[in-house]
Each structure stands twice: as structure tokens, then as C-alpha cells.
Peer 1: 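Dumping the structure here so I can ask a few things about it.
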Amino acid sequence: MSELLRSDAIRRIEAVAMASLPAGTLMSRAADAVADATASLARSLEARRPIVAWVGPGNNGGDALLAALRLHAFGFAVRAVALDAARTPGGDAGAIWRLARNRGLSIGEAATWDEFLAAPRACCASAPIVIDGLFGIGLQRPLDARTAALCEAVAQRDWPVVAVDVPSGIDADTGARIGPSAMRATVTVTMIADKPGLRTGAALDHVGEVRVARLGIGAAQRGDALDRVEPADRGRLFDREQAREALPPARANDTSKGSFGSVLCYGGAPGLRGAVLLAARGAQAIGVGRIHVGTPAGELFDPAQPQWMSAPADTGFARFDAVAIGCGLGDSDGARAALDRALVEARALVVDADALNAIAADEARARALAARDEAPTCIVTPHPLEAARLLHGDVPSVQADRIGAARALAAKLRCVALLKGAGSVIATPGGRWWIIDSGSPALASAGTGDVLAGACAALLARGLDAERAACLGAWLHGEAGRAWAAAHATTDGSSAAELHDWMRSAAARLRASQVCDGKR
């Protein structure tokens with residue numbers, strides 16, 4: 001399981017480790033990791049590519065400069081360019097600057113930056129590999145104009161980049177860009193532990209492949225430091241291994257449809273009928289035993305799915321193991337009345353789309369949702385705009401701290417919050433949080449969220465708790481999008497009506513991997 005640690009937790013671990021190690025040990029190990037990643041990248045590209053280490057004023061700059069020295073010793077053509085070559089930093093980084101100069105590796109002056117900015121797009125054979133050691137997790141302000149221009153120039157020229165710890169300009173805690181520009185890395189070598197800011201939001205367009213260099217810090221040292229870390233600073237990445245563990249057991253031979261739960265998908269107002277049918281397809285993909293479809297406008301039947309049962313507009317929500325409400329629900333009196341009943345009656349509940357908007361518009365409904373149960377049996381599945389409405393904020397504020405927004409929703413509504421988007425975030429009322437390690441821009445298409453809502457309801461009906469159902473549903477949803485994009489060699493043109501098939505296939509691959517490993 002990959003732990004995700006925010007900056008305060010990283011600094012605690014670093015301080016504990018440094019107190020027990022000789023000076024410079026962690027920087028030496030970090031430089032080795034960066035040098036190894038850079039050499040590996042160089043070997044995958046055209047021969048004789050030059051390497052340029054861009055050196056900032058802090059320890060990231062020291063890591064980059066020492067990595068450049070190691071690569072120079074390996075025989076690579078290496079240059080170093082500093083933000084401020086005239087000012088030698090203090091501490092371990094300063095010792096590396098002095099070592100570099102003693103060994104004949106010059107550190108370029110600021111004028112060298114203009115050379116890079118003025119250079120035309122280089123051909124592959126002569127384009128440099130860049131080591132980004134400009135800024136790390138301590139950056140609190142947008143990049144200055146020259147550094148921002150450099151990042152844009154690197155992206156335009158498509159130069160390969162190895163980022164040290166975090167691409168410069170990305171917030172390691174939130175995944176947001178700190179300003180309008182940030183470095184785009186091919187590989188990010190992050191130190192000590194994985195970080196949430198590499199796994200969600202805008203960061204996903206900047207980090208490339210993430211490699212975690214733990215720097216030889218032992219479990220005892222990590223444990224001592226993490227004992228005092230707040231839940232907000234310590235989360236988890238929900239990856240393929242987590243998904244395999246969460247997947248419901250394989251079906252026994254001696255079972256019936258009653259063994260796998262019942263789901264009601266309720267929504268589908270006139271003009272929006274397809275949304276609730278997509279939710280039902282999501283439930284079907286998970287293997288729920290019985291699926292019912294209901295709308296506030298009366299019974300709804302899909303002739304392509306004759307196995308689904310129609311529920312009347314005034315159905316009793318307690319009849320079903322789980323209910324997904326909101327997909328195309330609309331804003332009628334009947335829709336709001338149905339939601340009010342579901343908040344009270346439903347044994348397990350997924351709240352999506354129009355139901356979320358109705359809750360955002362009426363704090364009494366928000367309180368009714370929060371009062372449902374001591375243990376959460378509900379999942380809310382907002383996209384950023386719906387989350388902003390629920391929190392009475394705006395989308396930029398949600399996207400600036402997606403983890404914080406998900407945790408605030410979970411705390412306010414006393415249910416599991418699944419904040420959709422690049423690097424979907426799941427949070428619980430108790431403060432735990434996860435980032436989902438799957439997804440694709442192919443999912444940025446109308447109706448895909450409806451499929452996810454139905455899938456989460458089916459997982460609840462099959463006996464998963466709300467936290468695991470939200471995590472597994474989001475992972476299968478993201479993996480389906482990724483598989484579709486890989487199969488079609490594009491992220492354009494996906495259809496939500498096809499997505500349930502890809503989710504079913506993603507679950508089947510998980511099951512097959514369990515069998516191969518002897519887990520089930």
C-alpha cells in the first residue's frame with residue numbers, strides 16, 4: 001500500500017532521519033536516485049544527449065547538482081545552470097556547490113537562461129535532458145517570470161525532464177499549480193514518500209512517471225515521526241493491489257440472485273431518462289442480483305434491458321439493499337419529495353447529480369443527510385462544481401485543495417465523499433482520505449458519472465462498506481476509462497453507454513489476477 005504524506009509529515013521524517021545519520025547522507029542518496037533515473041531515461045533516448053541540471057537555491061538544487069556530478073563521472077555530457085550562480089547556499093547544498101566547483105563542473109550564470117529561452121526547438125539528437133532542481137515542496141509563491149518562461153519553453157520544445165521531488169511550480173500537498181506555470185516532467189523522483197500533490201488535480205499533467213526514493217529511511221524512524229502526524233497529512237493511494245483486496249468474493253456455485261443484493265436507480269425525469277438507465281448499467285457491470293429503475297414521473301422501461309424491473313414513482317426506498325438517487329432526477333416537486341423520503345428510508349444510499357444540487361440548495365436536507373446514521377451508509381459523488389455548491393464556494397477553491405474539499409464534504413454531510421476528477425479523492429467523516437490511482441480524460445464525457453453512481457450502489461448492495469465501495473467503484477471506473485483509451489489510441493469519443501462493459505472487463509482482470517496469485 002502506498003502511503004501519501006503531505007509536507008509536514010515529510011519534514012518530520014526527514015528531521016528524525018537526519019538526526020541519526022552523518023551530514024549529507026540523505027542528499028547523497030537523493031542524488032543517486034535522480035542520477036539513476038536520468039541515466040535510465042538517457043539510455044532510452046538517442047545516444048549522446050546532453051544533460052542540463054537546473055539548480056535552485058535549496059536542497060532540491062543540491063540534489064540536482066550532486067546528481068549532475070555523478071552523471072559527469074559516468075561519462076555523460078553535463079552542464080549546471082543556477083537561478084543565482086553568484087550566491088552559494090548554506091548547509092548540505094552549499095557543500096555540494098563547493099564540491100562541484102572543485103571538480104571542474106561549472107555552475108552557469110543567469111545569462112545562460114536567456115540562451116535556453118532563445119534557442120529554437122532542438123532536434124532529438126541534441127535536445128538536452130533537463131534535471132529540474134529549481135524548487136521543491138517548500139515553494140509557496142508562483143514562479144517568477146523568467147522561470148515560468150523557462151518552464152513554458154521546455155514544454156514547447158518537448159524536452160525530457162527529470163523532476164527532483166516535485167515538478168517546480170506544483171504544490172506537493174494539493175496537486176494544484178501554485179501559479180499559472182509549472183514544469184512538465186517526464187519522470188518525477190520524489191523523496192522519502194509518495195505525495196498527494198503528485199496524484200491529483202493539475203499535477204497529473206506535470207509529473208509524468210512517479211518514482212519514490214525512500215532514501216534508506218527505516219520503518220522505525222518513519223514510525224517515530226508519523227506517530228505525531230495529523231490525519232489531514234497522511235492518506236493512501238488506492239491502487240490495483242488495493243482494488244484486488246476490496247473486490248467482492250467470487251460467486252459460489254450454490255447461489256441465487258438474492259445472494260447479490262438489490263439496487264434501485266432513481267432519477268430520469270423527462271428529457272433526462274438516459275441518466276438513470278446509465279446508472280442501472282453501472283450497477284449491472286458490478287454483478288448485483290436485482291436492478292430496479294424508478295422515476296418521479298412514473299414507471300420507466302428500457303426494452304434493451306428487459307431484466308430490469310420498474311419501480312413506481314412513490315416506491316418505498318427501504319425495500320432495496322441500496323439506492324442510487326439523483327441521475328437525471330430533475331428539480332420538480334416530486335423529485336424533491338422523493339429525495340426527502342430516500343434520505344430517511346434508504347438503507348444504503350448513493351447521492352449524485354440533481355440530488356446533490358437539491359441538498360446544496362437546502363441546508364435542512366444537508367442536515368437530514370448528516371443525521372442518517374452513526375456509521376456512514378451513504379456516498380456522495382460530486383464533480384467539482386457540485387462540490388463547490390455543497391460547500392458554498394467556487395470551483396477554483398475546490399480544485400486548489402481537492403483533498404481538503406473532500407474532507408470538508410465528508411465532515412459536513414457525515415458520509416463518504418467521492419470528489420470526482422483527475423485523481424478522484426475519497427474522504428470519510430472520520431478524516432481518512434484516499435486518492436484513486438486510475439482514470440483517463442476519456443471519462444470527461446456526459447453520463448460517465450451516472451455509471452459510477454450505479455456501480456457504487458451495487459457495491460453497497462453486495463455488502464461493501466461505504467468507504468470501500470466508493471474507492472473500488474472509482475478505481476474500476478477510472479480503469480475502464482484508461483482501458484478504453486488504450487484500446488482506441490485516443491481519449492476522444494468515448495460513450496457512457498459503453499462504459500459498463502469496460503468496467504465489467506476491468507473487474508474480470510482483477511479477478512483473474514487474484515486467481516493467478518492464489519488469493520481467492
Side-chain angles (χ1 to χ4, degrees), residues 1-10 12 137 170-176 193-204 226 228-239 242 349-352 356 359-360 363 366-367 369-437 439 449 452 456 465-475 478:
M1 173 173 54
S2 180
E3 196 165 41
L4 301 174
L5 299 181
R6 284 184 156 180
S7 300
D8 284 351
I10 295 291
R12 286 179 182 271
I137 63 175
I170 292 293
D171 189 312
D173 289 343
T174 67
D194 205 345
K195 299 172 181 65
L198 305 178
R199 299 296 187 173
T200 191
L204 296 185
L226 294 178
R228 299 181 297 277
V229 169
E230 295 295 323
D233 291 329
R234 189 177 184 180
R236 294 174 180 174
L237 188 70
F238 194 91
D239 56 16
Q242 295 293 313
L349 188 62
V350 177
V351 184
D352 189 40
L356 293 173
I359 291 169
E363 282 298 313
R367 290 192 295 272
L369 177 56
R372 274 179 51 85
D373 282 301
E374 189 72 23
T377 55
C378 178
I379 303 168
V380 294
T381 56
H383 55 55
L385 177 57
E386 290 161 346
R389 290 170 181 154
L390 288 162
L391 294 171
H392 305 298
D394 54 33
V395 172
S397 297
V398 169
Q399 293 296 80
D401 185 0
R402 288 172 50 76
I403 297 164
R407 293 181 78 240
L409 280 172
K412 175 181 178 178
L413 301 176
R414 303 302 301 166
C415 60
V416 171
L418 194 175
L419 176 58
K420 297 180 287 195
S424 292
V425 181
I426 282 82
T428 73
R432 287 190 304 276
W433 52 272
W434 302 78
I435 296 178
I436 304 302
D437 187 30
L452 173 59
C456 289
D465 61 66
E467 184 177 0
R468 286 199 305 156
C471 287
L472 180 58
W475 188 90

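Computed from a predicted structure; not experimentally measured.
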Peer 1: Does one side chain, of Asp352 or Thr381, offer a donor that lies under 3.5 Å from an acceptor on the other?
Peer 2: yes

Peer 1: Could you tell me which non-hydrogen atom of Ala203 sits nearest to which non-hydrogen atom of Gly197, and how far apart they are?
Peer 2: CB-O, 2.9 Å

Peer 1: Less than 4.5 Å apart, any side-chain heavy atom of Glu3 and any of Arg234?
Peer 2: yes

Peer 1: Run the salt-bridge test on Asp401 and Arg6 with the 4.0 Å N-O cut-off and return the result as yes or no.
Peer 2: yes

Peer 1: State, to 0.1 Å, how close Ala172 and Ser7 come at their nearest heavy-atom pair, and which atoms those are.
Peer 2: CB-OG, 4.4 Å

Peer 1: Please examine the side chains of Val398 and Leu419, heavy atoms only from C-beta on, and report whether any two atoms are closer than 4.5 Å.
Peer 2: yes

Peer 1: Find out whether Ile379 and Ile426 are in side-chain contact, i.e. whether some heavy atom of one side chain is under 4.5 Å from a heavy atom of the other.
Peer 2: no

Peer 1: For Ala474 versus Ile436, what's the shortest heavy-atom pair and its separation?
Peer 2: CB-CG1, 3.8 Å

Peer 1: If we ignore hydrogens and angles and just use 3.5 Å, is the side chain of Arg407 paired with the main-chain N or O of Gly431 as donor and acceptor?
Peer 2: yes

Peer 1: Quick one: does Lys195's side chain have a donor or acceptor within less than 3.5 Å of a partner on Ile10's backbone?
Peer 2: no

Peer 1: Which pair of non-hydrogen atoms, one from Ala466 and one from Val416, has the smallest distance, and what is that distance?
Peer 2: CB-CG2, 3.7 Å

Peer 1: For Thr200 and Ala422, which heavy atoms make the closest approach, and how far apart are they?
Peer 2: OG1-O, 3.0 Å

Peer 1: Which distance, rounded to the nearest 0.5 Å, do you find between the CG of Asp437 and the SG of Cys471?
Peer 2: 12.0 Å

Peer 1: Among Val380, Leu409, Thr428, which one satisfies side chain to side chain contact (heavy atoms under 4.5 Å, CB included) with Cys415?
Peer 2: Val380

Peer 1: Is the backbone of Leu4 close enough, under 3.5 Å, to the side chain of Arg199 for a donor and an acceptor to pair up by distance?
Peer 2: no

Peer 1: Give a yes or no on whether the backbone of His383 and the side-chain of Glu386 come within a donor-acceptor separation of less than 3.5 Å.
Peer 2: yes

Peer 1: With a 4.5 Å cut-off on side-chain heavy atoms, are Glu363 and Lys412 touching?
Peer 2: yes

Peer 1: Distance check, rounded to the nearest 0.5 Å: Trp434 atom CH2 versus Phe238 atom CZ?
Peer 2: 6.5 Å

Peer 1: Using 0.5 Å steps for rounding, measure from the CG atom of Asp8 to the CD1 atom of Ile137.
Peer 2: 8.5 Å

Peer 1: Which heavy-atom pair separates Ala410 from Ala417 by the least distance, and what is that distance?
Peer 2: N-CB, 3.9 Å

Peer 1: Out of curiosity, Leu413 CG to Cys378 SG, how far, rounded to the nearest 0.5 Å?
Peer 2: 8.0 Å

Peer 1: Can you tell me if Asp233 uses its side chain to pair, donor with acceptor, with the backbone of Ala9 under 3.5 Å?
Peer 2: no

Peer 1: Run the side-chain contact (heavy atoms from CB on, under 4.5 Å) test on Leu356 and Arg389 for me, step by step, so that the C-alpha distance in whole Å, both residues' side-chain angles and the decisive distance to 0.1 Å come before the verdict.
Peer 2: CA-CA 9 Å; Leu356 293 173; Arg389 290 170 181 154; over 6 Å; no

Peer 1: Please check if the number of heavy atoms outside Arg432 that lie under 6.0 Å from its CZ is greater than 12.
Peer 2: no

Peer 1: Rounded to the nearest 0.5 Å, how far apart are CG of Leu385 and CD of Gln399?
Peer 2: 10.5 Å

